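Read the structure below first, then the notes.
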Amino acid sequence: MTDLLAALKAAAEPTRLRILGLLDRAELTVTELTQILGQSQPRLSRHLKLMAEAGLVDRFREGAWVFHRPAADGTGAALANHLRAMLNRGDSTYLRDQARLDGVLRARTEVAADYFAANAAQWDRIRALHVSEAEVDAALTRILGEAPIGLLLDIGTGTGHMLELFGPKAERGLGVDLSHEMLGIARAKLDGAGLYHCQVRHGDMNALPVGDETVDLVLFHQVLHFAADPQAAIDEAARVLAPGGRVALVDFLPHAHEELREHHAHRRLGFAPREVAQWGQHAHLDIGLAETLSGDPLTVGLWLGRKPGRPALGRAAAIDTVS
Ligand SMILES: C[S@@+](CC[C@H](N)C(=O)[O-])C[C@H]1O[C@@H](n2cnc3c(N)ncnc32)[C@H](O)[C@@H]1O
């Protein structure tokens, strides 16, 4: 009763209802909300603080930015869901807010695209050394099969490609990456694809911002070769995996292309299946090489592993425990 009253009081204000209507479509910073709503930053910060305290919105920090999104659970979340559904989508204020939101999202995409363009040449050079992305995607899709995915965690999500590919099969998706620029691209992509149940967060593969035993599928797609300590990264993945959860690892088999280390920050020049199996043993995950895709000159390996135990149902809500 107290929670509901607090949420009702916090929602009963025109700007806050407009904020709920905007967060329905995208995670937004105070600065972005300022651009859309034309109100001062301190004023909007006050509204958002009240809304967060009443459980209507969730806030999360990523570097210097704080993003806001609709609360995921609790009384406030339920109320916010109802209120968003009741908003009059033909109302002129609502329509103006949405048009300005379109502008903000377009600007985000442009910034992300500029960054991507500046780095694309480098990525293309690496891609040319192995099989096509489409071939890897198809193999990974085959290996993972049709089983529904509860909570999907994409470690080193980069531009969010894995979330785009497997997000539609997951109840919830979370991508974690160290690079704010990459996260910017991923966020713009996910917004563009309408994958609102997928989020990205700044985070390190060695200290994932995720609770113990909450994740159903962990993906490492072309990321473990950046790891200073792959065993630590696999141990950390094992920590967050729920019993019965799976881990898929896509990376190169051992190679001698030192230039990937010199020019592209790879720490490791591929991984031998025995080494990966040993990391798995250490982390109590049963990991094996499921498929190899030979390119010229690099061969891509796809490993699949599982954490012992029986999967439980209804775990996707656990993403809300992400700090
Ligand atoms: C080659 S990209 C791959 C991106 C994505 N997995 C894909 O395949 O499209 C590697 C990504 O790993 C991220 N990364 C590197 N070290 C990381 C770490 N310690 N924790 C989280 N992300 C990391 C980089 O920022 C980069 O976005």
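Atoms within a ligand are numbered from 1 in the order they appear, just like the ligands themselves. What you see is a predicted model, and the numbers here were worked out from it, not measured in a lab.
Interface atoms of ligand 1 facing Val223, defined by a heavy-atom separation under 4.0 Å, are 12 (O). Short contacts between ligand 1 and Gln222, defined as distances under 4.0 Å to a heavy atom of the residue, involve ligand atoms 1 (C), 2 (S), 3 (C), 10 (C). For ligand 1, the atoms lying closer than 4.0 Å to a non-hydrogen atom of Met205 are 16 (N), 17 (C), 18 (C), 19 (N), 20 (N), 21 (C). Contact atoms of ligand 1 toward Gly203: 20 (N), 21 (C) (distance under 4.0 Å to a heavy atom of the residue). Numbered from 1 in the order shown, with element, the atoms of ligand 1 that lie under 4.0 Å from a heavy atom of Gly158 read 4 (C), 27 (O).
Using a 4.0 Å cut-off between a side-chain N of Lys or Arg and a carboxylate O of Asp or Glu, Arg239 and Asp212 qualify as a salt bridge. Salt-bridge annotation for Glu27 and Arg59: absent, with no side-chain N of the basic residue lying under 4.0 Å from a carboxylate O of the acidic one. Residues Asp102 and Arg25 are paired through a salt bridge, judged by an N-O separation under 4.0 Å between the basic side chain and the carboxylate.
By the 3.5 Å distance cut-off applied to N or O atoms, Asp204 is counted among the residues near ligand 1. Polar contact with ligand 1: absent for Met162 (N/O pair, distance under 3.5 Å). Remark: ligand 1 and His221 share an N or O pair separated by less than 3.5 Å (distance only, no angle test).
Taking each of Leu178, Leu219, Asp229 in turn, the one with a heavy atom nearest to atom 22 (N) of ligand 1 proves to be Leu178.
Contacts between Thr157 and ligand 1, counted as non-hydrogen atom pairs separated by less than 4.0 Å, involve the backbone only.
Each of Leu289, Leu140, Asp251 was scored for a side chain to side chain contact (heavy atoms under 4.5 Å, CB included) with Leu302, with one residue passing: Leu140.
Taking the centre of each ring, Phe271 and Trp303 stay at or above the 6.0 Å mark.
Shown here are the ring pair (Phe, Tyr, Trp, His ring centres under 6.0 Å) partners of His255, two or more places apart in sequence or in another chain: Phe252, His257.
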Per-pair distances, 0.1 Å, donor-acceptor, side chain in residues 12-24, under 3.5 Å, sequence neighbours excluded:
from: Glu13; atom 1: OE1; to: Thr15; atom 2: N; distance (Å): 2.8
from: Glu13; atom 1: OE1; to: Arg16; atom 2: N; distance (Å): 3.1
from: Thr15; atom 1: OG1; to: Gln39; atom 2: NE2; distance (Å): 3.1
from: Arg16; atom 1: NE; to: His47; atom 2: ND1; distance (Å): 2.9
from: Arg16; atom 1: NH1; to: Ala10; atom 2: O; distance (Å): 3.0
from: Arg18; atom 1: NE; to: Asp97; atom 2: OD2; distance (Å): 2.9
from: Arg18; atom 1: NH2; to: Asp97; atom 2: OD1; distance (Å): 2.9
from: Asp24; atom 1: OD1; to: Arg84; atom 2: NE; distance (Å): 2.9

